[in-house]
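This report refers to the structure that appears directly beneath it.
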Amino acid sequence: MLSDYSAPEIEARWQRIWEEKAVFQPEPDSRQKFFLTIPYPYLNGNLHAGHTRTFTIGDAVARFRRMCGDNVLFPMAFHATGTPIVGLSELIANRDPLIWDVYTKLHGIPEDELSALTTPEKIVAYFRREAKRAMQSIGYSIDWRREFTTTDPAYNKFIEWQYGILRGLDYVVKGSHPVRWCPHDKNPVEDHDILKGEDTTIMDFSLIKFRMGDDVLPCATLRPETVFGVTNLWLNPDVNYVIARVNDETWVVSKEAYEKLTFTDRKVAWGSEISGKELIGKRVKNPLTGAEVIILPAGFVDPDSGSGIVMSVPAHAPYDYLALKDLYDADLSEYGISEDLRKIGFISLIESPGYGEFPAVEAVNELKVKDQNDPKAEEATRLVYRREFHNGVLKANTGRYAGVAVSKIKDVLLRDLIEKGMAEIFYEFSETPVICRCGTRCVIMMVRDQWFLEYSNLAWKARVLDCLAGMQIIPEEFRVEFQNKIDWLKDKACARRKGLGTHLPWDKEWLIESLGDSTIYMSYYILAKYVNSGMKIDSLPPEFFDYIFMDKGTAEDVARVTGIAQETVQQIHNDFFYWYPVDLRTSGKDLVANHLLFFLYHHVAIFPQELWPRALAVNGFVSLEGQKMSKSKGPLLTLRQAVAENGADVTRLYILGNAEYTQDVDWRNDGVGAARAQLERFYNLAREILADKSIDESAEPTLIDRWMLSRLQKRIAEATVAMEGIQTRRALQSAFYLLYNDLRWYQRRGGKNQLRRVLSVWVRLMAPFTPHVCEELWAEMGKGYVSLAEWPVADAALVDEQAEQAEKLLEDTLKDVEEIVKVTKTTPSKITLYTTPAWKQEMLGLAAKAAAGGKLDMGALMKEAMASPAIAAHKKDAPKYAGKLAKAAHSLSAEVLGLDEFETLSRERDYLAKALGVPVEVYSADEAGADPKGKSRQAEPGRPAIWIE
RNA sequence: GCGGGGGUUGCCAAGAGGUCAAAGGCGCAGGGCUUAGGACCCUGUCACGAAGGUGUUCGCGGGUUCGACUCCCGCCUCCCGCACCA
């Protein structure tokens, strides 16, 4: 049959109808509501396959719930705040060749259109239009009346209100924070601005302030607890140090460290230089223990790392031990050191299993490290650090910290030391150098007076965790991930100087950072509908929002203050309390540690518990032919391209059917081609069924009819459970592929009269996935929109185990015959089947009952069996069969006993003969008729004996 | 390094103590149907096979169990996130 499936035509038609007839524009009513949201896309490019995945999952869920009877709200908007769009507009205006290439080739934008996008506003307008078209072209059931962009003045007003609330809660605070900084550009450096060192992170070192008289010699360390074990300091004799004023103190640090200090929030002034040599031999005081220790020379001290001064803990740090050992026999008279360094006693302060007093010594011996220049010293350091960090506990000589795990000590101790003026925090890159795109070496800059959202606030955190505990997380494994991230989340800078966005209402020179304005915007969808139909809210006071979203005040007062009709105010308020909370937010997994967290934080801050989100779902990405997609480097597949080349339904089918949850979908052209063929097959088969005039739906159901209906119920149940858990792949396996196979078997077995009934279910099961073809087919069945049709419900009464058993017997028997034919390489002329004798059935029944506990006592079984005259008559064969049953005791099933095998096979004799191509005779082994080879003795329940002539 | 998730038969991918040589799809092979078919239908696709059987498999190495792809321990390896960036 020739395919007349025309995706573009069908899809365009239904998209038009959905829009014209406002099929997806819900209003509050008496039904249960379901509010589903997906993070809006950022408008610096076209939607791509990754968006396609997240959005399509959401759309399928929206469609599913709608069919299940929920009043579904599925809105969409666009994100434009932040810096990238501003940067993009400049690059386009300057015709940056790289950007030009990316946007014409990867994003598929015609040159003349691209060249016009020279301002942020034009970019936003352009991509907003394109994104909306793309989403419409793939058939999303979005209520577009609620569309907005985060740069809309009305939205700004909403964000201002929100930040007013947060400020009132004291969740917005002022502080400083370290950023990667380019001294040349005088700007924070983002990842894509980096030439070298992209993976570098900012680490916080403790700067322990050893004192030499009034001077401070700060030592940078990642292990502040080891201050208890310091035996000496290390300085590099060949390095020049600086004596500088730092805040109100005099510090001695390397020149490099001095430079770094100038970018921190300290007041720094250059004093004079001093060579390392001059300092060596002098004594300093450990601020915590009060111990006097000597300064010794060491070549491994890097002036560019930390302060250029290192504290020495030879008991636990292999380098320190090695360096000290190297000095034992050295002549240090040039530094005026005459004492015997062997007298310096090591101080052990960490107890860890597997190590004795001095882990550093043990590790050095274990790895046979020669000296401080041996590369293996590095390995020894890592080894000791790892073991001590994970399993170590502080010893008694650490005083009040004794017994604390090493892994838990850092923050506590550092806080205490800072409080006592004994330490400060010093930020360093994890790797150096970090080079900006302009070629300059980056530093860490302390940005002062920055506005922060205080995500570290413990009370706030506790509420978020509380919220999480009450939510459904899909997949459930991600709950731990969320918990960990909440635990880890620190204060977040929420304002910046550049870009698009909303100004902080109380400090207008700051713009609210772009992730911070996207946290409770789902509530704004309710309002957006009114704004879009002409309501002006750009100058409304907070009382308006307070009433709408927080139920504070009265509609009457708000109407008076704003001049908006009281009924309208009341209606918006009621809309909000009808639709909220968010029932499900689905998103890509990249947003877990940022947006989704902030989403929870802000909801618990602003809304009462009953309005907290109910569920979060996380999904993986899309790769292209095994390659990771990249918006800037390619490969990239845009949504529109995918739909243009394959059609909306095929794209949806492929992307929903190839992976689920956090797995990535790999977009492969041959796979997509296969999906298209499958969809065409579905469509053609459906058309055939619709055209078949010979179907008699009122006919009495035969065995195969009952089998088909039974299977259908199972597929419905499987698909429903899967969709409830947002397992689109699993749902499609049942609703599409397996059901299709069932249908093939049904037709092959001569089934026909239930086809239309099955199709009615099938089309509905497929509607969330391939809505356009399904509408097309549904229209021919003449019952409104399939998008609004009732989701099929499995009818337990139609599940027919006996029919399924009968078909299984048939299938198994055919398989067995075919295998014998294959193995013996014979060409059969006649086949005789012998169904199980009654005594074996009886015995299986006894055995199954006896084996209920998983074990089968042969003796007891035989004894019981022999009591039955029918079994006793087969004294010879009975023990053999019993032995066989005993072996399989763990998996015995009496299911086959529910079936009259002789009756079944006799009835299907013609079918068997046709399928096998030779005459088939069926006997019961109890009345075997002609059986020259004695084959009938092999007959067992569920497994007829076979004799091939 | 830290945290989360993986490694299954040519590929994608289900399975989570016995019903498993392991669903489904793709690919491949054979057959059918066809003027033709990159359409459709059937069959096969770990190896061997003597009548429906047997053997060897689920990243690697151990262990628990009558029995492990499934549970425990160790290791190797891949992917994602680690922020002020959307």
Side-chain angles (χ1 to χ4, degrees), chain A residues 1-3 39 41-44 79 81-85 177-180 188 190-192 199 201-203 382 385-386 389 407 430 447 450 452-453 475 477-478 480-485 487-496 513-516 518 589-595 597 620-621 626 628 631 657-666 668 670-671 673-675 677-678 680-681 684-685 729-730 732-734 736-738 740-741 744 747-748 812-813 815-824 826 854-855 888-893 895 915 933 935 938 943-948:
Chain A
M1 172 175 177
L2 219 65
S3 163
Y42 187 68
L43 293 177
N44 67 339
H79 194 206
T81 35
T83 51
I85 289 175
H177 83 289
V179 295
R180 210 161 42 191
E190 291 161 20
D191 262 355
H192 54 266
D199 298 329
T201 55
I202 295 178
M203 302 199 296
R382 266 207 304 275
Y385 177 80
R386 254 172 83 170
F389 183 81
S407 55
S430 59
V447 179
Q450 168 73 275
F452 283 90
L453 283 160
E477 299 92 272
F478 260 71
V480 189
E481 175 82 348
F482 275 108
Q483 283 165 350
N484 289 343
K485 298 298 182 197
D487 195 38
W488 151 93
L489 197 64
K490 300 188 180 75
D491 294 352
K492 170 152 177 38
C494 65
R496 38 172 35 229
E513 184 275 328
S514 66
L515 289 177
S518 304
K589 61 183 170 187
D590 50 332
L591 300 186
V592 169
N594 43 71
H595 164 71
L597 245 38
F621 307 133
K628 209 167 144 176
K631 275 186 275 185
N658 266 276
E660 65 196 12
Y661 287 167
T662 52
Q663 290 170 333
D664 290 354
V665 168
D666 190 20
R668 291 167 170 235
D670 56 353
Q678 283 150 349
E680 279 179 17
R681 220 181 295 163
N684 290 337
L685 177 57
R729 179 189 159 86
R730 188 178 287 261
L732 273 168
Q733 284 289 328
S734 291
F736 191 55
Y737 298 99
L738 297 178
Y740 183 73
N741 288 348
R744 274 205 308 223
Q747 287 191 298
R748 194 177 155 202
D812 290 349
T813 306
K815 274 229 168 77
D816 277 351
V817 172
E818 275 157 11
E819 186 172 353
I820 296 168
V821 170
K822 189 181 129 204
V823 170
T824 57
T826 53
K855 291 226 162 129
H890 300 282
S891 52
L892 280 184
S893 155
E895 270 183 3
K933 294 260 161 102
K935 290 287 180 196
Q938 290 178 21
R943 192 171 180 266
I946 297 162
W947 176 33
I948 298 176

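Just so you know, these numbers use all the heavy atoms, side chains as well, and skip hydrogens, waters and symmetry mates.
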Considering only the [atom1] atoms, how many Å lie between [N] and [M], rounded to the nearest integer?
N: B:rA21; M: B:rU45; atom1: C1'; value: 12 Å
N: B:rG25; M: B:rG15; atom1: C1'; value: 16 Å
N: B:rC82; M: B:rA86; atom1: P; value: 13 Å
N: B:rC69; M: B:rC20; atom1: C1'; value: 9 Å
N: B:rG53; M: B:rG5; atom1: C1'; value: 41 Å
N: B:rC46; M: B:rC28; atom1: C1'; value: 15 Å
N: B:rG37; M: B:rG32; atom1: P; value: 12 Å
N: B:rG1; M: B:rU70; atom1: C1'; value: 32 Å

| message | If you assign each of A:R681 and A:K490 to its closest nucleotide in RNA chain B, which residue comes earlier from the 5' end? | response |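 Nearest-nucleotide comparison on RNA chain B picks A:R681.
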| said: Return whichever of A:T662 or A:D670 has its heavy-atom-nearest nucleotide of RNA chain B closer to the 5' end. | reply: A:T662
Output one line per pair: protein atom, nucleotide atom from nucleotides 12-15 of chain B, and distance, for all N/O pairs under 3.5 Å.
{"residue": "B:rA13", "atom": "O3'", "partner": "A:Q663", "partner atom": "NE2", "Å": "3.4"}
{"residue": "B:rA13", "atom": "O2'", "partner": "A:R729", "partner atom": "NE", "Å": "3.2"}
{"residue": "B:rA13", "atom": "O2'", "partner": "A:R729", "partner atom": "NH2", "Å": "2.4"}
{"residue": "B:rA14", "atom": "OP1", "partner": "A:Q663", "partner atom": "OE1", "Å": "3.2"}
{"residue": "B:rA14", "atom": "OP1", "partner": "A:Q663", "partner atom": "NE2", "Å": "2.8"}
{"residue": "B:rA14", "atom": "OP2", "partner": "A:Q663", "partner atom": "NE2", "Å": "3.0"}
{"residue": "B:rA14", "atom": "O3'", "partner": "A:R730", "partner atom": "NH2", "Å": "3.3"}
{"residue": "B:rG15", "atom": "OP1", "partner": "A:R730", "partner atom": "NH2", "Å": "2.3"}

Selected nucleotide, minimal atom distance to [X] side chain, candidates [options]:
X: A:E477; options: B:rA51, B:rG6, B:rC40; result: B:rG6
X: A:F478; options: B:rC84, B:rG4, B:rA51; result: B:rG4
X: A:R748; options: B:rU43, B:rG44, B:rA86; result: B:rU43
X: A:E513; options: B:rC84, B:rG24, B:rA51; result: B:rC84
X: A:A677; options: B:rG4, B:rA83, B:rC40; result: B:rC40
X: A:R744; options: B:rG24, B:rC42, B:rG4; result: B:rC42
X: A:L738; options: B:rG24, B:rU43, B:rG52; result: B:rG24
X: A:W488; options: B:rC84, B:rA83, B:rA86; result: B:rA83
X: A:E481; options: B:rA86, B:rG4, B:rG24; result: B:rG4
X: A:K628; options: B:rC84, B:rG49, B:rC80; result: B:rC80

At under 4.0 Å between heavy atoms, what does [X] touch on the DNA or RNA strands: base, sugar-phosphate, or nothing?
X: A:A493; answer: base
X: A:V823; answer: base
X: A:A945; answer: base
X: A:L489; answer: base
X: A:H79; answer: sugar-phosphate
X: A:N484; answer: sugar-phosphate
X: A:P944; answer: base

| Distance (rounded to the nearest 0.5 Å) between A:T826 OG1 and A:I820 CD1 | 9.0 Å
Is any side-chain N or O of [X] closer than 4.0 Å to OP1 or OP2 of [N]?
X: A:Y661; N: B:rC80; result: no
X: A:S514; N: B:rA86; result: yes
X: A:T83; N: B:rA86; result: yes

Can you tell me the pairing partner of [N] across any strand shown, Watson-Crick or G-U wobble, with both distances under 3.5 angstrom?
N: B:rG18; value: B:rC66
N: B:rG37; value: none
N: B:rC82; value: B:rG1
N: B:rG44; value: B:rC28

Atom-to-atom span, [atom1] of [X] to [atom2] of [N] - whole angstrom:
X: A:K485; N: B:rG3; atom1: NZ; atom2: C1'; result: 5 Å
X: A:K822; N: B:rC42; atom1: NZ; atom2: P; result: 19 Å
X: A:D487; N: B:rG4; atom1: CG; atom2: P; result: 12 Å
X: A:R180; N: B:rC82; atom1: CZ; atom2: C1'; result: 12 Å
X: A:N741; N: B:rC42; atom1: CG; atom2: C1'; result: 13 Å
X: A:L597; N: B:rC82; atom1: CG; atom2: C1'; result: 12 Å
X: A:D491; N: B:rA83; atom1: CG; atom2: C1'; result: 12 Å
X: A:Q678; N: B:rG24; atom1: CD; atom2: P; result: 13 Å

Between [X] and [Y], what is the shortest heavy-atom contact and its length?
X: A:F482; Y: A:V592; answer: CE2-CG1, 3.7 Å
X: A:F452; Y: A:A493; answer: CD2-N, 3.4 Å
X: A:Q678; Y: A:F736; answer: O-CZ, 3.6 Å
X: A:L515; Y: A:N594; answer: CD1-CB, 4.3 Å
X: A:E660; Y: A:R730; answer: OE1-N, 2.9 Å
X: A:A659; Y: A:V665; answer: CB-CG2, 3.6 Å

Is a side-chain N or O of [X] found less than 3.5 angstrom from the main chain of [Y], in a donor-acceptor match?
X: A:D664; Y: A:F621; result: yes
X: A:K589; Y: A:T662; result: yes
X: A:H79; Y: A:P39; result: no

| said: What I want to check is whether an N or O donor and acceptor connect the side chain of A:K492 with the base of B:rC84 at under 3.5 Å. | reply: yes
| field | Distance-only donor-acceptor test (3.5 Å): side chain A:D816, base B:rA51 | value |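 No, no donor-acceptor pair under 3.5 Å.
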| message | Whether A:R668 and A:D666 form a salt bridge (side-chain N of Lys/Arg under 4.0 Å from carboxylate O of Asp/Glu) is what I want to check. | response | yes
| Hey, are A:K492 and A:E513 close enough for a salt bridge, meaning a charged N less than 4.0 Å from a carboxylate O? |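 Yes, this pair counts.
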